[in-house]
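Here is the structure we will look at, set down as structure tokens.
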Amino acid sequence: MRRLVFALCLVFAAASCGPPPAPLEVEDAWTRDTVGNTASAAVFMTISSPTPDRLIAASAPVARQTDLMTMEAEGGTMAMAYLEAIDIPAGETVSLDPQGLHVWLANLNRPLVAGQTFPLTLEFEHAGERQVTVSIIAPAAAPPMSGMGM
């Protein structure tokens, strides 16, 4: 009887062990070419995770300051608002796009030129740091994300 119970425990333990969940994913990070002496830029991307997480910070060598922000309607006009974090619900894709959430790069060290890239480090509450490559696109170019507004 003990062997049977032991064998059943092994079977149940093995059955509950499936493949680990897919890791947090960041895709299609992009920004626009800065025109003239523009000293700031917004970075957009999509983030998905099988478990709940939060984007809590970002940094990039091209900017002296990096913030998490969103666009909000305020008295009939759009205004940017600073965020402490961006929630990433489990199993959902969160879009950082020109109409809402984004990573704000302030006090750029150099102009951003279409066709080039730069690294961006994202810090997540649970997943830790992730480095992504941000593509710089021309002002009138279509964003790399399908369905993304300009």
Side-chain angles (χ1 to χ4, degrees), residues 11-150:
V11 167
F12 286 121
S16 66
C17 293
L24 179 137
E25 291 185 17
V26 179
E27 297 179 314
D28 298 321
W30 65 278
T31 189
R32 296 222 180 265
D33 182 317
T34 54
V35 179
N37 292 326
T38 304
S40 57
V43 177
F44 312 108
M45 66 199 78
T46 57
I47 305 170
S48 59
S49 175
T51 58
D53 211 331
R54 298 175 79 208
L55 174 60
I56 56 174
S59 62
V62 298
R64 289 187 286 283
Q65 181 179 342
T66 309
D67 296 295
L68 305 177
M69 301 190 83
T70 192
M71 295 294 293
E72 294 180 340
E74 205 175 90
T77 61
M78 296 301 286
M80 290 195 298
Y82 292 94
L83 300 172
E84 287 186 25
I86 295 174
D87 290 327
I88 313 298
E92 293 183 25
T93 298
V94 175
S95 292
L96 280 64
D97 61 50
Q99 287 79 39
L101 301 168
H102 57 277
V103 174
W104 185 249
L105 306 176
N107 301 314
L108 293 172
N109 297 319
R110 64 175 174 82
L112 303 180
V113 179
Q116 296 181 353
T117 63
F118 63 88
L120 176 70
T121 301
L122 302 172
E123 184 180 343
F124 294 91
E125 191 171 67
H126 301 294
E129 286 190 358
R130 299 293 169 95
Q131 189 170 62
V132 298
T133 300
V134 178
S135 298
I136 304 168
I137 65 172
M145 294 183 244
S146 61
M148 175 65 59
M150 293 175 54

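Please read all numbers here as calculations on a predicted model, not as lab measurements.
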From CA spacing to verdict: side-chain contact (heavy atoms from CB on, under 4.5 Å), E84, L68: CA-CA 7 Å; E84 287 186 25; L68 305 177; over 6 Å; no
4.5 Å side-chain heavy-atom contact, R130 and L24: yes
R54 side chain to I88 backbone, donor-acceptor under 3.5 Å: no
Residues in side-chain contact (heavy atoms from CB on, under 4.5 Å) contact with A63, at least two apart in sequence or another chain: T66, L105, L108
Any side-chain heavy-atom pair of I47 and D53 under 4.5 Å: no
Inter-residue atom distance L55.CG - S49.OG, 0.5 Å rounding: 12.0 Å
CG-CH2 distance between D97 and W30, expressed to the nearest 0.5 angstrom: 8.5 Å
Shortest non-hydrogen separation from W104 to A41 and the atoms involved: CE3-O, 3.5 Å
Rounded distance [0.5 Å steps], CG in L83 versus CD1 in I56: 13.5 Å
Donor-acceptor contact below 3.5 Å, side chain R32 vs main chain A141: yes
Derivation of the side-chain contact (heavy atoms from CB on, under 4.5 Å) call for M71 and M80: CA-CA 5 Å; M71 295 294 293; M80 290 195 298; 3.2 Å; yes
Residue from V103, V43, D28 passing side chain to side chain contact (heavy atoms under 4.5 Å, CB included) with L96: V103
Residue among T133, L120, L122, T46 satisfying side chain to side chain contact (heavy atoms under 4.5 Å, CB included) with V26: L122
Main-chain N/O of A90 paired with T51 side-chain donor or acceptor, under 3.5 Å: no
Shortest non-hydrogen contact from A42 toward H102: CB-CD2, 3.7 Å
Nearest atoms (heavy-atom pairs only) where D33 meets A114: OD2-N, 3.0 Å
Atom pair CG/OG1 of L101 and T70 - distance to nearest 0.5 Å: 4.5 Å
Pairing residues for E123 by the side chain to side chain donor-acceptor pair (under 3.5 Å) criterion, not counting sequence neighbours: none
Spatial distance of atom OG (S135) from atom CD (Q116) [nearest 0.5 Å]: 11.5 Å
Residue pair N109 / P61, side-chain heavy-atom distance below 4.5 Å: no
Closest non-hydrogen atom pair between Q131 and P119, with its separation: NE2-CB, 3.5 Å
Closest non-hydrogen atom pair between P89 and V94, with its separation: CD-CG2, 3.6 Å
Heavy-atom closest contact (T93 atom, S48 atom, distance): OG1-CB, 3.9 Å
Between CD on residue E125 and CD1 on residue I86, distance to nearest 0.5 Å: 13.0 Å
